[in-house]
**Student:** 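Can you read through this structure? Questions will come right after.
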Amino acid sequence: MSRPSIPKGTRDFLPAEVRKRQYIFDTIRGVFETWGYVPIETPAMELLETLLGKYGEEGDKLLFRILNNGDFLAKADREALAQMDSQRLALSIARRGLRYDLTVPFARYVVMHRHELSLPFKRYQIQPVWRADRPQKGRYQEFYQCDADVAGSDSLMYEAELVQIYDAVFRKLGLKVRIKLNNRKVLAGMAEVAGVADRFTDMTVAIDKLDKVGWEGVRAEMEARGIGAEAQQRLQAMLEARSVEALAEALAPSQTGRLGIEELQSVLAYLDGIELHNALLFDSTLARGLSYYTGCIFEVVVDTDAHPGVRMGSIGGGGRYADLTGIFGLKGVSGVGISFGAERIYDLLEELNLFPEGLARTLQVLGIAFDEATHRFAFRQISALRQAGIAADLYPEPVKLKKQMKYANAIGVPWVLLVGEDEMKTGKPALKNMHTGAQSAHTLSEILDILRADA
RNA sequence: GUGGGUGUAGCUCAGCUGGUUAGAGCGCCAGAUUGUGGCUCUGGAGGUCGCCGGUUCAAAUCCGGUCAUCCACCCCA
């Protein structure tokens, strides 16, 4: 056996890393709970029929498939096997796959449990998902998503509420962000007005590249995708509109466009007078994630004015999908939701040094003894502290003091309880403060007071 | 899935155009200091040079493959 390893794109986490991750999850969870969302969990595995075809052709390729147990070749598609047709063969030897996101399983969940749920159903879900993507910075094959979605209401109040949630979470994390808002109907309206409604997806793919390749690049992309020069001109003019009002005029000829504008205005009206700590920006060039969104779309990026030099893609996204559960046979249930990219948020907080102090510490006091007798005595003292709710531990052997002290220092415990022969006789262990180096003898109840006061 | 960079001690990295026992800093262990960590000093341990193959008298160094990782693209969180 050579060096042990783990699969590509997966990671182990050291205790300090887990603490930091939990800090992010706890912060997000706390905000979700405050806004009235309730937690659910779904299995890591779903049936492939649930997953396939929901994320486009690209998504199907990135699905992890789970090989059937037992003699899977017995039921394999022999023809596909003979023809070396991996795609088709896979269907006959794998019926399950790892979930790719939390939204599709949620839609499946709503349909399956519709009689047990009261609509609108506001759920949050913080669980790992898997994608057979090529790993990159901030991109892994196993990563957590933190989603909040509402099923069963068309109210635009929820769009406003989700903006608030983004704002509250990033405020608590100390990260300045820009919350970008757009509406798919507005984009559809633009396509109509420009006469390229039939080229809608091509248009959005091109627009989405704006911040990366500039207008010249976008127009080249449109050209390559069969959008003519005149349409390009009209699209650019509309996309350069700075305000909702300015765009409303341009979109007046399109009914869909007008509806999109109305929705945006309605969301903004809900937020009128609501204090936000991060910038909320209407951005008509926000065009990603359009496969199933039908109304408002959100994206969160780092505020590079507040945090100069940071280079990171989107750290959150979401939107409205008018027909959330239709693919699973339940019509008329609308959904709207957002997702936090916890892994990227982690990298950012790390880079910007925004994790609070003291996350790593839980153990408050470490007992240190000098010989067998004092070790047993210390065990009782430490037990008493634990009974009183103090996180306490005892070094397992009464070895050389220096070694025990080094260990205490290495794990960063703030207090050390020293128990020698004198301390055992007087019943007053020495409590040492590892930061100041000061130490003094105290009864157990005095020690308890000191530790409680410090906690 | 496409193209490129990197892979040397636990960590971060030196090692020129191939040439004897492969180095540094940090970390680790021990001692100075037999009831006191961090600081200092002294000493020590630790390396299949990612892996497989090829060229060569000789490969960490050159070539091919492979794996991992990073970057760009695609797509996305």
Side-chain angles (χ1 to χ4, degrees), chain A residues 2-11 14 24 28 55-63 86-87 99-103 126-147 201 204-205 208-209 212-213 217 221 287-291 298-302 311-318 337-348 366-371 374-375 378 395 398-424 429-441:
Chain A
S2 56
R3 269 202 205 106
S5 189
I6 55 175
K8 168 165 67 172
T10 65
R11 297 152 296 163
L14 294 169
I24 294 172
I28 293 171
Y55 310 103
E57 208 176 312
E58 201 65 32
D60 284 357
K61 278 192 227 160
L62 300 181
L63 279 175
S86 309
Q87 291 276 50
R99 71 167 162 252
Y100 180 89
D101 74 353
L102 301 178
T103 304
I126 299 177
Q127 288 192 280
V129 302
W130 294 267
R131 295 182 188 179
D133 212 353
R134 179 101 138 209
Q136 252 183 62
K137 191 170 192 63
R139 270 172 96 157
Y140 307 94
Q141 294 204 339
E142 177 182 68
F143 62 98
Y144 272 75
Q145 285 196 332
C146 311
D147 280 27
T201 304
T204 58
V205 169
D208 188 41
K209 297 186 177 178
K212 213 167 238 174
V213 299
E221 183 83 28
R288 54 192 0 183
L290 278 175
S291 47
F298 309 107
E299 184 175 64
V300 180
V301 296
V302 179
R311 289 185 67 239
M312 179 66 77
S314 145
I315 53 175
I338 55 172
S339 181
F340 286 83
E343 318 289 345
R344 288 182 175 180
I345 293 170
Y346 179 100
D347 289 346
L348 282 170
L366 180 74
I368 287 179
F370 295 85
D371 55 33
T374 54
H375 193 250
Y395 197 86
V399 295
K400 267 190 306 191
L401 203 52
K402 178 173 175 136
K403 189 170 173 66
Q404 301 191 64
M405 288 299 291
K406 271 195 98 143
Y407 178 75
N409 199 56
I411 63 172
V413 66
W415 297 92
V416 161
L417 191 74
L418 289 148
V419 183
E421 210 175 318
D422 293 346
E423 287 82 358
M424 185 167 67
L431 186 66
K432 182 184 177 78
N433 181 315
M434 291 296 282
H435 299 302
T436 65
Q439 82 180 56
S440 49

**Student:** At their closest point, which heavy atom of Ala369(A) faces which heavy atom of Gln404(A), and how far apart are they?
**Tutor:** O-NE2, 2.9 Å
**Student:** Rounded to the Å, how far apart are Arg344(A) CZ and C75(B) P?
**Tutor:** 14 Å
**Student:** Looking at the side chain of Tyr140(A), which of A77(B), C73(B), G35(B) is the nearest nucleotide?
**Tutor:** A77(B)
**Student:** How far apart are the closest heavy atoms of Leu401(A) and Ile368(A), and which atoms are they?
**Tutor:** CD1-CG2, 3.2 Å
**Student:** Could you tell me whether the side chain of Thr374(A) and the main chain of Phe370(A) form a donor-acceptor pair under 3.5 Å?
**Tutor:** yes
**Student:** If every non-hydrogen atom of Val205(A) is compared with every non-hydrogen atom of Lys209(A), which pair is closest and at what distance?
**Tutor:** O-CG, 3.4 Å
**Student:** Sequence neighbours excluded, which residues qualify as ring-ring contact (aromatic ring centres under 6.0 Å, His included) partners of Tyr346(A)?
**Tutor:** Phe355(A)
**Student:** Of all heavy-atom pairs between Glu423(A) and Leu418(A), which one has the smallest distance, and what is that distance?
**Tutor:** CG-O, 3.6 Å
**Student:** Expressed as a whole number of Å, how far does the C1' atom of G7(B) sit from that of C13(B)?
**Tutor:** 12 Å
**Student:** So which protein N/O to nucleotides 66-69 of chain B N/O distances come out below 3.5 Å?
**Tutor:**
unit_1 : atom_1 : unit_2  : atom_2 : d
U69(B) : OP1    : Gly9(A) : N      : 3.3

**Student:** In whole Å, what separates the P atom of C71(B) from that of U61(B)?
**Tutor:** 26 Å
**Student:** Under 4.0 Å, heavy atom to any atom of RNA chain B: which of residues 411-418 of chain A qualify?
**Tutor:** Leu418(A)
**Student:** Suppose you measure atom P in A60(B) against the same atom in G23(B); what distance do you get, rounded to whole Å?
**Tutor:** 14 Å
**Student:** Specify the separation, in whole Å, of atom CE of Met405(A) and atom C1' of G35(B).
**Tutor:** 10 Å
**Student:** For residues Val301(A) and Ser314(A), report the shortest heavy-atom separation together with the two atoms involved.
**Tutor:** CG1-CA, 4.3 Å
**Student:** Measuring only the P atom in each nucleotide, how far is A45(B) from C63(B)? A whole number of Å is fine.
**Tutor:** 36 Å
**Student:** For Phe370(A) and G35(B), do the ring centres fall under 5.5 Å apart while the planes stay under 30° apart?
**Tutor:** no
**Student:** Which whole number of Å gives the distance between the P atom of C16(B) and that of G54(B)?
**Tutor:** 25 Å
**Student:** How many Å lie between CG on Asn409(A) and P on G38(B), as a whole number?
**Tutor:** 7 Å
**Student:** Salt bridge between Glu343(A) and Arg11(A), side-chain N to carboxylate O under 4.0 Å?
**Tutor:** yes
**Student:** Between the base of G35(B) and the side chain of Gln404(A), is there a donor and acceptor pair under 3.5 angstrom?
**Tutor:** no
**Student:** Could you tell me how far apart Asp422(A) (CG) and U36(B) (C1') are, to the nearest whole angstrom?
**Tutor:** 15 Å
**Student:** Taking CG from Asp60(A) and C1' from G1(B), how many angstroms apart are they, rounded to a whole number?
**Tutor:** 15 Å
**Student:** Is the closest side-chain heavy-atom distance between Tyr407(A) and Leu366(A) below 4.5 Å?
**Tutor:** yes
**Student:** When the C1' atoms of U33(B) and U48(B) are considered, how many whole Å apart are they?
**Tutor:** 40 Å
**Student:** Taking all non-hydrogen atoms of both residues into account, name the closest pair between Pro128(A) and Glu142(A) and its distance.
**Tutor:** CB-CG, 4.3 Å
**Student:** With a 4.5 Å limit on heavy-atom distance, are the side chains of Ile315(A) and Phe340(A) in contact?
**Tutor:** no
**Student:** For the P atoms, the ones on U40(B) and on G27(B), what distance do you get once it is rounded to whole angstrom?
**Tutor:** 8 Å
**Student:** Between Gln141(A) (side chain) and Asp133(A) (backbone), is there a donor-acceptor pair under 3.5 Å?
**Tutor:** yes
**Student:** Look at the side chain of Leu401(A) and decide which nucleotide, out of U36(B), C74(B), A77(B), has an atom nearest to it.
**Tutor:** U36(B)
**Student:** Whole angstroms only, please: what is the CD-P distance between Glu343(A) and C76(B)?
**Tutor:** 18 Å
**Student:** If you apply the rule side-chain contact (heavy atoms from CB on, under 4.5 Å), what do you find for Trp415(A) with Asn433(A), and how did you get there?
**Tutor:** CA-CA 5 Å; Trp415(A) 297 92; Asn433(A) 181 315; 3.6 Å; yes
**Student:** Does Arg139(A) make a side-chain donor-acceptor contact with the base of C75(B), cut-off 3.5 Å?
**Tutor:** yes
**Student:** Using nucleotides 39-45 of chain B, report all nitrogen or oxygen pairs with the protein that are shorter than 3.5 Å.
**Tutor:**
none

**Student:** Suppose you measure atom C1' in C11(B) against the same atom in U69(B); what distance do you get, rounded to whole Å?
**Tutor:** 16 Å
**Student:** If only atom types and distance count, is the side chain of Arg131(A) paired as donor or acceptor with the main-chain N or O of Tyr100(A) below 3.5 Å?
**Tutor:** yes
**Student:** Is the closest side-chain heavy-atom distance between Phe143(A) and Arg344(A) below 4.5 Å?
**Tutor:** no
**Student:** Report all interatomic pairs (protein N or O, nucleotide N or O of nucleotides 27-31 of chain B) with separations under 3.5 Å.
**Tutor:**
unit_1 : atom_1 : unit_2    : atom_2 : d
G31(B) : OP1    : Lys400(A) : NZ     : 2.9
G31(B) : OP2    : Lys400(A) : NZ     : 3.3

**Student:** Is it the case that the side chain of Lys432(A) and the backbone of Gly437(A) share a donor-acceptor pair, with hydrogens and angles ignored and the cut-off at 3.5 Å?
**Tutor:** yes
**Student:** Given pairs defined as Watson-Crick or G-U wobble with both distances under 3.5 Å, what dot-bracket annotation applies to RNA chain B, with ( ) intrastrand, [ ] crossing, | other strand and . unpaired?
**Tutor:** (((((((..((((.....[...)))).(((((.......))))).....(((((..]....))))))))))))....
**Student:** For the side chain of Val205(A), counting heavy atoms from C-beta on, which of C75(B), C76(B), G35(B) is nearest?
**Tutor:** C75(B)
**Student:** Could you say whether Gly341(A) or Gly437(A) is positioned toward the 5' end of RNA chain B, judged by the nucleotide with the nearest heavy atom to each?
**Tutor:** Gly437(A)
**Student:** Looking at Gly9(A), is its backbone amide N or carbonyl O close enough to the side chain of Arg139(A) to form a donor-acceptor pair, meaning the two atoms are under 3.5 Å apart?
**Tutor:** no
**Student:** Measure the NZ-NZ distance between Lys406(A) and Lys403(A) for me, rounded to the nearest 0.5 Å.
**Tutor:** 9.0 Å
**Student:** Would you kindly compare Met434(A) and Lys209(A) by the position of their nearest RNA chain B nucleotide and give the one closer to the 5′ end?
**Tutor:** Met434(A)
